[in-house]
Amino acid sequence: MFEVELSATELDLSALNQRFMGTDESIGAVVSFTGIVRGNGIQAIEVEHYPGMTESVLSKKIESAAKRWPLRKASIVHRIGSLPVSEPIVWVSVASAHRAAAFLACEFLMDFLKVDAPFWKKELDANGVWKWVEVRSQDQDRANRWMGRYAPTQA
Amino acid sequence: MFEVELSATELDLSALNQRFMGTDESIGAVVSFTGIVRGNGIQAIEVEHYPGMTESVLSKKIESAAKRWPLRKASIVHRIGSLPVSEPIVWVSVASAHRAAAFLACEFLMDFLKVDAPFWKKELDANGVWKWVEVRSQDQDRANRWMGRYAPTQA
Amino acid sequence: MNILLFAQLRDYYGASSVTFPDDELPLTVDELRSSLAGLGSEEFRQALLEPNVFCAVNQKVVEPKYIVQADDEVGFFPPMTGG
Amino acid sequence: MNILLFAQLRDYYGASSVTFPDDELPLTVDELRSSLAGLGSEEFRQALLEPNVFCAVNQKVVEPKYIVQADDEVGFFPPMTGG
């Protein structure tokens with residue numbers, strides 16, 4: 001039901017979607033997020049991770065999501081290694097009976113994946129120079145939203 | 001960029017996803033929603049619509065979404081006719097540079113599609129009786145969220 | 001004028017459209033609805049007069065005071081249940 | 001003990017792990033970090049002492065006061081940038 005996968009090769013979105021869609025008759029809503037390498041002045045990116053810890057952090061985040069919302073399925077697949085522009089870097093899918101839970105859980109997982117899972121990206125810029133990506137303050141803010149008193153839990 | 005389609009045959013999610021994913025280098029986030037016929041005591045559903053008006057309402061909703069958020073692409077594909085349990089009834093995908101806009105716009109489109117687009121569903125229950133689906137008050141509440149002073153616009 | 005009916009309203013009326021005499025128009029949506037309600041069964045009348053019934057003129061939902069002309073496309077329907 | 005380094009920290013240090021003498025342990029994360037900072041270049045020292053650097057012990061992020069034992073798996077890394 002709950003899956004985490006790190007892939008060193010290009011994500012096959014059709015295969016991932018097909019595998020995720022099943023015959024569980026209680027599922028009424030599937031929300032999927034696909035993150036794609038944008039080409040704003042960069043040629044490629046490289047994703048480093050902390051083997052073992054990354055998988056365990058992501059699995060635990062799925063467990064927290066499943067405690068907050070009635071999820072039927074959840075899957076996180078993240079690229080590692082080198083990726084060209086326009087290739088998918090991450091795919092997160094959540095299935096639930098109703099859409100409110102699926103939307104919230106998918107966004108929750110993405111928000112934490114951005115700042116709380118041990119991945120580090122570097123970008124190859126137009127001049128052929130590799131630069132480590134800095135954390136965006138908005139990303140930290142978005143993750144913090146889920147922790148306060150007014151966290152968007154159940155809609 | 002912006003597409004609306006009504007389909008009388010089973011939605012081919014792989015084909016839809018593949019067609020939606022393109023080579024626009026400014027796209028960093030794709031959020032997709034798939035609505036599926038749940039099997040809670042029903043055998044099948046049938047979807048009726050108002051030809052012409054349905055397409056026009058959905059196109060206008062995509063245009064409103066594109067005014068609120070910087071969207072690169074948006075697509076709504078909705079089934080009409082008869083569907084068995086576990087088949088997809090609607091697929092909504094939104095692409096943007098960043099995920100906040102994509103999540104909000106996808107949820108916005110779904111919330112209005114539920115109560116503001118001329119579709120009517122009836123369900124074939126376990127006893128073989130067709131019953132028109134009543135609008136859920138939560139669905140109306142969710143659509144109303146976007147209209148007030150504190151609408152979730154930009155995150 | 002042919003007035004379109006959808007979902008329960010069509011079921012109760014027994015047809016997907018009702019012919020309505022052009023020479024009674026223009027009328028407000030509310031007036032048109034009241035006249036129309038007399039053209040079908042009691043079940044149809046009750047369903048059409050439900051306060052949550054929508055009227056679309058030329059494929060746009062309009063208010064009860066909207067004035068319908070003979071060349072408009074008019075449809076009545078119950079609350080929408082997409083998705 | 002081998003201490004793991006990731007991203008910029010690994011680049012500045014020039015290797016993905018640092019050998020640290022077991023007999024200096026236990027130490028708090030903060031003390032360990034200070035000792036470690038002296039083992040590399042000035043660039044490495046500065047990067048490791050940045051307040052936003054994380055320490056994971058046995059693959060869990062811990063606080064600066066956490067006490068590290070010789071048989072723990074320890075990693076230091078800059079802010080994470082997934083997705």
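Order of the sequence lines sets the chain letters (A, B, ...), proteins ahead of strands, with each chain counted from 1.
- Residues satisfying the side-chain contact (heavy atoms from CB on, under 4.5 Å) test with Ala117(A), not counting sequence neighbours, are Val57(A), Leu58(A), Phe119(A).
- Asp12(A) is linked by a salt bridge (charged side-chain N to carboxylate O under 4.0 Å, His left out) to nothing, counting only residues two or more places apart in sequence or in another chain.
- The shortest distance between side-chain heavy atoms of Met53(A) and Phe6(D) does not fall below 4.5 Å.
- Proximity to chain D is limited to the side chain of Ile89(A), based on heavy atoms less than 4.5 angstrom apart.
- Under the side-chain contact (heavy atoms from CB on, under 4.5 Å) criterion, Val31(A) pairs with Ala102(A), Phe103(A), Cys106(A), Val31(B), Phe33(B), Phe103(B), not counting sequence neighbours.
- Within the 4.5 angstrom heavy-atom criterion, atoms from both the backbone and the side chain of Val135(A) approach chain D.
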Hey, can you dump all donor-acceptor pairs under 3.5 Å between chain A and chain D, distances included?
residue: Glu48(A); atom: OE1; partner: Ala7(D); partner atom: N; Å: 3.4
residue: Glu48(A); atom: OE1; partner: Arg10(D); partner atom: NH1; Å: 3.0
residue: Glu48(A); atom: OE1; partner: Arg10(D); partner atom: NH2; Å: 2.9
residue: Glu48(A); atom: OE2; partner: Ala7(D); partner atom: N; Å: 3.0
residue: Glu48(A); atom: OE2; partner: Arg10(D); partner atom: NH1; Å: 2.6
residue: Tyr50(A); atom: OH; partner: Glu73(D); partner atom: OE2; Å: 2.5
residue: Met53(A); atom: N; partner: Gln59(D); partner atom: OE1; Å: 3.0
residue: His78(A); atom: NE2; partner: Gly83(D); partner atom: N; Å: 2.9
residue: Lys114(A); atom: O; partner: Gly82(D); partner atom: N; Å: 3.1
residue: Lys114(A); atom: NZ; partner: Gly83(D); partner atom: O; Å: 3.3
residue: Phe119(A); atom: O; partner: Thr81(D); partner atom: N; Å: 2.8
residue: Trp120(A); atom: NE1; partner: Pro78(D); partner atom: O; Å: 3.0
residue: Trp120(A); atom: NE1; partner: Pro79(D); partner atom: O; Å: 3.4
residue: Lys121(A); atom: N; partner: Thr81(D); partner atom: OG1; Å: 3.0
residue: Lys121(A); atom: NZ; partner: Gly82(D); partner atom: O; Å: 3.4
residue: Lys121(A); atom: NZ; partner: Gly83(D); partner atom: O; Å: 2.6
residue: Trp132(A); atom: NE1; partner: Asp11(D); partner atom: OD2; Å: 2.8

